[in-house]
Amino acid sequence: QVQLVESGGGSVQAGGSLRLSCVASGRTFSRVTMGWFRQAPGQEREFVSSISWIGSISNYADSVKGRFTISRDNAKNTVYLQMNSLKPEDTAVYYCAARFVPSGSQKEHDYDYWGQGTQVTVSS
C-alpha cells in the first residue's frame, strides 16, 4: 500500500509559478515510479509528467514541456512538480500517482495509487 498526499496548489496569475509536492508513505519510495496527472472541469484526466525510480528518467506531456519540471527526493519520500510560465489552460486539479514498475507511463490505468488532488487555478 502507498498513501499519497499532494500539496502546493493555489491561485496564481498567468506567467507565475507554483511548486506541487507529493509525499508518499507506506512503501519503499525509491522503488516507486511517480506520475502527475491533471483534470480540468468537464474534461478527462490527462498525463502531465512522470519520473521513474531507475535513473529518475522523466517524461512530459507536450503541453508542459519546457515549463514544468518533475523531480524526486527519495530521502524525503517526495516528488515535486515545478510549474513555471503558468497559463490559464493549466487550471485543473493535479493528482500524483504511483506505480511499482521501473518505467514511467502516460496511461492513467497503469498507476496503482492516487492522491486526493490539489487545485491549481491560473487567472489571465
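- Here the NE2-CZ distance, from His109 to Arg99, works out to 9.0 Å after rounding to the nearest 0.5 Å.
- Aromatic ring orientation, Phe68 versus Tyr94: tilted (interplanar angle from 30° to 60°).
- Listed here is the closest heavy atom pair of Ala98 and Val32: CB-CG1, 3.5 Å.
- In this structure a side-chain-to-backbone donor-acceptor pair under 3.5 Å is present from Thr33 to Pro102.
- Taken from NZ in Lys107 to CZ in Phe37, the straight-line distance is 11.0 Å, to the nearest 0.5 Å.
- Of the possible polar contacts, one joining the Thr78 side chain to the Lys76 backbone as a donor-acceptor pair under 3.5 Å is found.
- By the 4.5 Å heavy-atom criterion applied to side chains, Val120 and Met83 are counted as neighbours.
- Minimum interatomic distance between Ala14 and Ser124 (heavy atoms only, all atoms of both residues): CB-CA, 4.3 Å.
- Between Ile57 atom CD1 and Ile70 atom CD1 the span is 12.5 Å, to the nearest 0.5 Å.
- Hydrophobic clustering, with ILVMFWY side chains joined whenever heavy atoms are under 4.5 angstrom apart, groups Tyr60 together with Met34.
- Put simply, the side chain of Val101 does not reach to within 4.5 Å of the side chain of Asp110, judged on heavy atoms.
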Ring pair (Phe, Tyr, Trp, His ring centres under 6.0 Å) between Phe47 and Trp36, intermediate numbers included: CA-CA 6 Å; Phe47 171 78; Trp36 285 98; over 10 Å; no
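- Atom CG in Leu20 sits 6.0 Å away from atom OG1 in Thr118 (nearest 0.5 Å).
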Validation: residues 2-12 side-chain donor-acceptor distances under 3.5 Å, sequence neighbours left out:
from, atom 1, to, atom 2, distance (Å)
Gln3, OE1, Ser25, OG, 3.3
Glu6, OE1, Gln116, N, 3.0
Glu6, OE1, Gln116, NE2, 3.4
Glu6, OE1, Gly117, N, 2.9
Glu6, OE2, Cys96, N, 2.9
Glu6, OE2, Gly117, N, 3.2

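- Listed by first and then second residue, the side-chain hydrogen bond (donor to acceptor under 3.5 Å, both in side chains) pairs that reach into residues 45-57 are Arg38-Glu46, Arg45-Glu108, sequence neighbours excluded.
- By the 4.5 Å heavy-atom criterion applied to side chains, Leu81 and Thr69 are not counted as neighbours.
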side-chain contact (heavy atoms from CB on, under 4.5 Å) between Val122 and Gln13, worked out: CA-CA 5 Å; Val122 184; Gln13 289 192 328; over 6 Å; no
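- Pairing each heavy atom of Thr91 with each of Gln119, the nearest pair is CG2-NE2, 4.1 Å.
- Going from atom CG of Leu86 over to atom CG of Leu18 covers 5.5 Å, rounded to the nearest 0.5 Å.
- Under a hydrophobic clustering in which Ile, Leu, Val, Met, Phe, Trp and Tyr are joined whenever their side-chain heavy atoms come within less than 4.5 Å, directly or via other members, Tyr80 and Tyr95 fall into different clusters.
- Residues Tyr113 and Val79 share a single hydrophobic cluster, defined by chaining ILVMFWY side chains whose heavy atoms lie under 4.5 Å apart.
- With respect to Asp90 and Lys87, no salt bridge is recorded, no charged nitrogen being found less than 4.0 Å from a carboxylate O.
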